[in-house]
Amino acid sequence: MNNNPDMTINGYQVALAEGRAEPLDWWHTCAARIEQREPEVKAWEALSVTPPELDADLAGKPLFGVPVGIKDIIETVDFPTGWGTGGYLQTPSSLVDASLVTLLQKQGALVMGKTVSTELAFFTPGKTRNPHDLSRTPGGSSSGSAAAVAAGMVPLAFGTQTAGSMIRPASYCGVFGFKPTFDTLSAAGVKSFAPSLDTLGWFARNIEDICTTFSVLTRAPRITALNDLAGVRVGVRSLPGTLPLEDDVVQALAAAQARLEKVGAEVVPLPLDARYETLVEHQKVVMAYEAAQTLASEYSRLSDRMSLKLVELIEEGKAIDYPRYREAMLVAANLRQALTAVFETQVDVILAASATGEAPEGIENTGDSIFCRSWTLLGVPCLNLPLSKGKTGMPVGVQLVADRWQDQRLLEIASTLMAREVAV
């Protein structure tokens, strides 16, 4: 098997079944790519140095022989977990894998290693660079997973989102990034930051692998593209809507709108009432309040080794009282119900900005998550589409958003869009 960036998971399974590929071919291809690019991209915290032993009983499983990356806040038996702390908090290995890791392995996936995370999945960056421009951030907190997929080191990698930690790095690195409906996948064995927000998701270089992975992990029916998007209503609305968009983002949204319309969708502006503009601040309250609780022991014992950003967030959370937290949670609950009514009566999906623009220069920060925070608090599924480039040639993504538990519909619409090559 050569290093074919267009290879899909399903395509590999067909090649295996027909004898055109061997079960470790993709692993060896990825290992060679890692050897080539890892010294500059620095996407990994721990790597498998020898080919894994394959379980022949898993032959025929949908992920058999597929290499995957696992974010370094997800516990593994075979690799150490450092939670992005640079060593001040680390375990050589866990007694059990996170449930996600077990589910992947039971479907035949091969864990290549642990990808770089920001410190405890907050904003302090790790060592990873953007594969498209090593002087720029890959985003965060799932920086290593997004960069590893973008650099061709693995076809599939997993991360988490608490604010914008899947969608933003997917946009910066030019890959598909999917954050499913909150609580779709069990977070057992994943380091908690803000339990009401933390959501497992994954990155891939093509929409087919995003869909295959969803079906495999959830036991949902296989997702296939439609003939067209006739009858599909797409509302254009970023949150917050009061923040001016950079030219690159405006152009990316316009290009996505044109592509959707070429495939038959009806694209319209989507007015939302003023309550939705408060969600960013409410998300910040929930995140800080819950982080102060979940990281209470780490703060008590290790605050002198934590980054200033993380210490400040925890102390901010300690200062938030319960009435303010309750208010934020109630607003979110009410707006989830209100948004469901919007989806039922006005639109099928929403087209929104993924990030503020191209990946910022420098690696001292991971960029701004402002266009993801509201959707994360609402718990809705979000998918970054890597459709455009900005003024310097760096990726600029847009996201499609659906109502809670409409993940299949979202992926079906995205698959149809990506299956139809249209001239814009």
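- Here the CD atom belonging to Gln107 is positioned 5.0 Å from the NZ atom belonging to Lys61, to the nearest 0.5 angstrom.
- Inspection of the Lys191 and Thr160 side chains reveals no N or O donor paired with an N or O acceptor under 3.5 Å.
- Between the CG atom of Asp348 and the CD atom of Gln406 there is a distance of 9.0 Å, given to the nearest 0.5 Å.
- You'll find the side chain of Tyr325 reaches within 4.5 Å of the side chain of Val286, heavy atoms only.
- Looking at residues two or more places apart in sequence or on another chain, you find no side chain to side chain contact (heavy atoms under 4.5 Å, CB included) involving Pro269.
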Validation: residues 166-190 side-chain donor-acceptor distances under 3.5 Å, sequence neighbours left out:
{"unit_1": "Arg168", "atom_1": "NE", "unit_2": "Thr366", "atom_2": "O", "d": "2.9"}
{"unit_1": "Arg168", "atom_1": "NH1", "unit_2": "Gly140", "atom_2": "O", "d": "3.4"}
{"unit_1": "Arg168", "atom_1": "NH1", "unit_2": "Gly164", "atom_2": "O", "d": "3.2"}
{"unit_1": "Arg168", "atom_1": "NH2", "unit_2": "Gly140", "atom_2": "O", "d": "2.9"}
{"unit_1": "Arg168", "atom_1": "NH2", "unit_2": "Thr366", "atom_2": "O", "d": "3.4"}
{"unit_1": "Arg168", "atom_1": "NH2", "unit_2": "Thr366", "atom_2": "OG1", "d": "3.1"}
{"unit_1": "Ser171", "atom_1": "OG", "unit_2": "Gly397", "atom_2": "N", "d": "2.9"}
{"unit_1": "Lys179", "atom_1": "NZ", "unit_2": "Val380", "atom_2": "O", "d": "2.7"}
{"unit_1": "Thr181", "atom_1": "OG1", "unit_2": "Trp405", "atom_2": "N", "d": "2.9"}
{"unit_1": "Thr181", "atom_1": "OG1", "unit_2": "Asp407", "atom_2": "OD1", "d": "2.6"}
{"unit_1": "Thr181", "atom_1": "OG1", "unit_2": "Asp407", "atom_2": "OD2", "d": "3.4"}
{"unit_1": "Thr184", "atom_1": "OG1", "unit_2": "Thr181", "atom_2": "O", "d": "2.6"}
{"unit_1": "Ser186", "atom_1": "OG", "unit_2": "Ser99", "atom_2": "OG", "d": "3.4"}
{"unit_1": "Ser186", "atom_1": "OG", "unit_2": "Ala188", "atom_2": "N", "d": "3.1"}

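- Rounding to the nearest 0.5 angstrom, the gap separating the CG atom in Leu339 from the CD atom in Glu344 is 10.0 Å.
- Screening Leu156, Val154, Val111 against Pro67 for a side-chain contact (heavy atoms from CB on, under 4.5 Å) leaves a single residue, Val154.
- Judged purely by atom type and a 3.5 angstrom limit, Gln408 has no side-chain atom pairing as donor or acceptor with the backbone of Ile223.
- Note that CD of Glu45 and CG of Asp72 are 5.0 Å apart. Values are rounded to the nearest 0.5 Å.
- Looking at Val66, Thr213, Thr8, Thr29 one by one, the single match for side-chain contact (heavy atoms from CB on, under 4.5 Å) with Pro155 turns out to be Val66.
- Residues passing the side chain to side chain contact (heavy atoms under 4.5 Å, CB included) test with Gln90, sequence neighbours excluded: Pro80.
- Residues Trp83 and Glu75 meet the side-chain proximity criterion, which asks for heavy atoms closer than 4.5 Å.
- Neither side chain, Asp368 nor Thr356, offers a donor N or O lying under 3.5 Å from an acceptor on the other.
- In this structure, CG in Leu387 is found 5.0 Å from CE in Met418, a value given to the nearest 0.5 Å.
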